[in-house]
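Single-structure report; data block below.
A note on names: the letters A, B, ... follow the listed sequences, proteins ahead of strands, and every chain is numbered from 1.
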Amino acid sequence: MDGLEGMDEIVQEFLVESHENLDQLDRDLVALEQQPGSRDLLSSIFRTIHTIKGTSGFLAFGKLESLTHVGENLLSRLRDGELSMTPASTDALLRMVDDVRKLLSRIEQDGTEGDVDVSGAVALVEACLTGAAPAAPAAPAEAVAEQAAPEAPAEAAAEQEPPAQEAAAPAPKRRTRKTTTTRRSAKAAAEPVPTEEPEMVAESPAPAAEPAPAASSVALHAVETEASVETGNRRSAADSTIRVDVDQLDLLMRLVGELVLTRNQLIQRASSDHDMDLLRMTQRLNLVTSELQEGVMKTRMQPIDHLWSKLPRVVRDLSSMLGKQVSLEMHGKETELDRTLLEAIKDPLTHIVRNSVDHGIESPEKRVAAGKTAVGTLRLRAFHEGGRVVVEIADDGAGIDPARIAAKAVERGLLTQAQADAMPEREILNLIFKAGFSTAEKITNVSGRGVGMDVVRTNIEKIGGTVDLTSTVGQGAVFRLTIPLTLAIVPALTVECCGERYAVPQISLLEVVSVDASRGTAAVEQVSGAPVYRLRGRLLPLVDLADVLGLEGRRRDGLLNIAVLQSEGRTFGLILDRVLNSEEIVVKPLSSRLKGIGVYSGATILGDGSVALILDIQALAARTLRSDATERLSSIETQATTVAEVERLLVAQVAGDRRVAIPLDMVTRLEEFPSDKVQHVGSREVVEYRGEILPLVRLSQHLGSYDDGTHERLPMIVSSRGGRSVALVVDRIVDIVEEGVKARSDVDDVGLLGSALIQEQVIELLDVRQAILSADPHFPLDPEPYASANGFGAGEGFDPAAIAAAGFVMEGI
Amino acid sequence: MTQLATFTLADHLFGVEVSRVQEVLRYQPSTKVYLAPEAIGGLMNLRGQVVTSVDLRRRLSLQPRTQDAEPMNVVVRVDGEVVSLLVDQIGDVVDVADDVFETPPSTLSAAERELITGAYKLQDRLLLALDIDKAVDVG
């Protein structure tokens, strides 16, 4: 409202009202395209324009007046059936609305109409009028009707409950013969409220509340009611709502937050006291405060329709530009959420909607060819679920093909083929929210859905929400935003580090891992100087809060707490001393002097009245995980998980406790033979297997360990290629793991390529090539067995389940 | 005539426009903000509002306060935000005549000269006029 400061109050009022009217106009015009003959819509549009015109004349905004005047002429003729709607007239009217908007924003800036050129729009509209005389005769009657127009919104708003609105649509004639005084009760009862039906008013004239119900104005009322029912609009009404300065609401919210905290302290104190009266009083205070808090929070809530009302225009413009036909459906537009959140999801929502129209919904020809209706459907749905607001944007377009996304991700080096194969479809789809992914031009050309999606996710996560995508190829895609109801109060974990207390928003928190004193120091390991913790077999990069903030005075009892946090798809652990409490905190904004630090997202007041800072997990992750030490870690992580050389390894136990790994590609089957089936051919051991002679390599011996050879049964890993097979004899098959080739140490030992730390064990990497060739020098091997996960063995995929099926016991390492 | 709220810092007498002062408070426990600029004293709970304090000793590059000395708060309004100035002792509100005002003496340190608009020559001592906006501009 800053721009309005010092301006005449009337002009302010006019601007605010006009902006609302313009939104209504956009909706009406788009709706009008669907049903060009609707006189109700035309009347509604006409009235809106007329209102603006009337006031602009009064305030001496000449251009605005002349523009709306000519628009009004066109509208009145359309309404009276003298002209019919054409695409040209819709365009002309939309153009007029745009120019009205321009003029208004100009007026908002400096109080003048400036140099905005409206002649183009005027000419367009005049062209539609085709030189016919302006509908002058109609004007006087309209003018009378208009007098009552400001009343009209009252009727619309009286029916705040949409069910009532919808029920009213069929307009039962005389069932509710009630005067205007019953509006509120009617609303409460959610009864159809066909306010001011002409007959009704005629029979029982409205009391003084309705000034001068001239016949035409009454007729208009009825029309207005129906028009708003059609468009589902809620207008403000002088008698049921008031406008409140947002700052005022913020102040109230702050004061209530303060009251809540004081109450908390008081309750704490009173419960330790034995004064029963005091206890009763605090309980009453408790109730009142809770209700007050809820009430004030509600005042900040706005229906999501405030955002959605802009979308019909967006969809209309975009689809006509792209030559598509899209019907926009909106469900749950009355769903309310905090206004700051509405503001925050505005851009992401618009972006997704644009994307769905642009890339989701196909051209009419394609749709028809695919056996669908020519008109695509974009369905928006908002609803409350588990204390959060869910907004779904669903289209019935082509959907997103996960295979294409996966292929592109592999091409971009974000995933290995093996990873992509193993990844659930859902996760693959969600790759489009990855920053690296979405900026790639190639992907946008192919999948078409990547542009800016990372920004969408970032913005949604910033307000503690999530975004998710599901899709069925050929049937469409659904984006699902989950948003908290309010930002002012969030669940958080209070933690302690070096005697300082901080709050960690629950939204980023996955779990808390406590490591006891005996393991505390040993549990944290270093990878190239960066601390990591093995969380269920995965390396979790660690960030020590004390290091980040430069705290001193860590507790020395060896106990370690790790808050496992997630931000922008990355998981990391934050080392803390203690976890204190899980509670709802009232978020206080941080002084502008402290915003630059970038580690705190706000502050809160704890139960004892002291101030605690809220950690900004996103910023913390960005800041620390990008730093030097973790750079190394992430590069290792990259090698381990994202470079194209991750492979699946079969781990087997040999020579007592040694563990060796063999690329799964080399494994054709697992077999087990009784040791008495082993025969000797010269110096070689063989078994007869499926009519073949299968040469054996005892890996224990091969690796230079002593093998007592007393096993009754011999587990074998059979590798077959080109009609030849070799069996590697091990003590036990242990597991199948995934491992990056590069994160390995070089161990210069016989028969090995190196070793790797896999999960909790050092595993030796068998030089399979050498082992196999020792049994069968003619075995057709590719030159570099480890070079690629896909280098050979194509078509000989090995199912881990087969291991179990073959009777081998699988154990976690 | 100008009305100034006065306070002392390391034996200097300072004054700020009394109209900018919201209230004056005794020592309040505050929460340290790590990684913040050095002059930030911390965050305190002022009746449910989180208020940032600026340690004027540090801001003016004066000797740090001794461990046991508890600073007082002069709570001022800056750009619609409430900020507390940490000072040694609170003084009286004094009326000063504009004709005893002089631009800063050249003996002041650089840090002081930046934040002090001038000095009022009182009978017994100098009253240094502090520029609140600059003083709290530590970001």
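- For a heavy-atom cut-off of 4.5 Å, chain A lies close to Thr31(B), Lys32(B), Val33(B), Tyr34(B) in residues 14-34 of chain B.
- Comparing Val548(A), Leu551(A), Leu590(A), Val599(A) by how many heavy-atom pairs each has under 4.5 Å with chain B, the most go to Leu551(A).
- Below 4.5 Å, heavy atoms of chain A meet heavy atoms from Glu81(B), Val83(B), all part of residues 74-89 of chain B.
- Minimum heavy-atom separation, Gln49(B) to Ile605(A): N-CD1, 4.2 Å.
- For Asp11(B), the CG atom sits in a loose shell: 12 or fewer heavy atoms of surrounding residues, nucleotides or ligands are nearer than 6.0 Å.
- How far CG of Asn45(B) is from CG of Leu606(A): 9.5 Å, rounded to the nearest 0.5 Å.
- More than 12 heavy-atom neighbours from other residues, nucleotides or ligands sit within 6.0 angstrom of NZ on Lys121(B).
- With a 4.5 Å cut-off on non-hydrogen atoms, Leu549(A) touches chain B through its backbone and its side chain both.
- In this structure, Met44(B) and Val611(A) approach most closely via the heavy-atom pair C-CG2, 3.5 Å.
- Taking all atoms of both residues into account, the shortest heavy-atom contact from Ser591(A) to Thr52(B) is CB-OG1, 2.9 Å.
- Without hydrogens or angle criteria, Arg593(A) side chain to Ile40(B) main chain gives no donor-acceptor distance under 3.5 Å.
- Comparing Val54(B), Leu35(B), Val51(B) by how many heavy-atom pairs each has under 4.5 Å with chain A, the most go to Leu35(B).
- When every heavy atom of Val50(B) is checked against every heavy atom of Ala603(A), the shortest pair comes out as CG1-CB, 3.9 Å.
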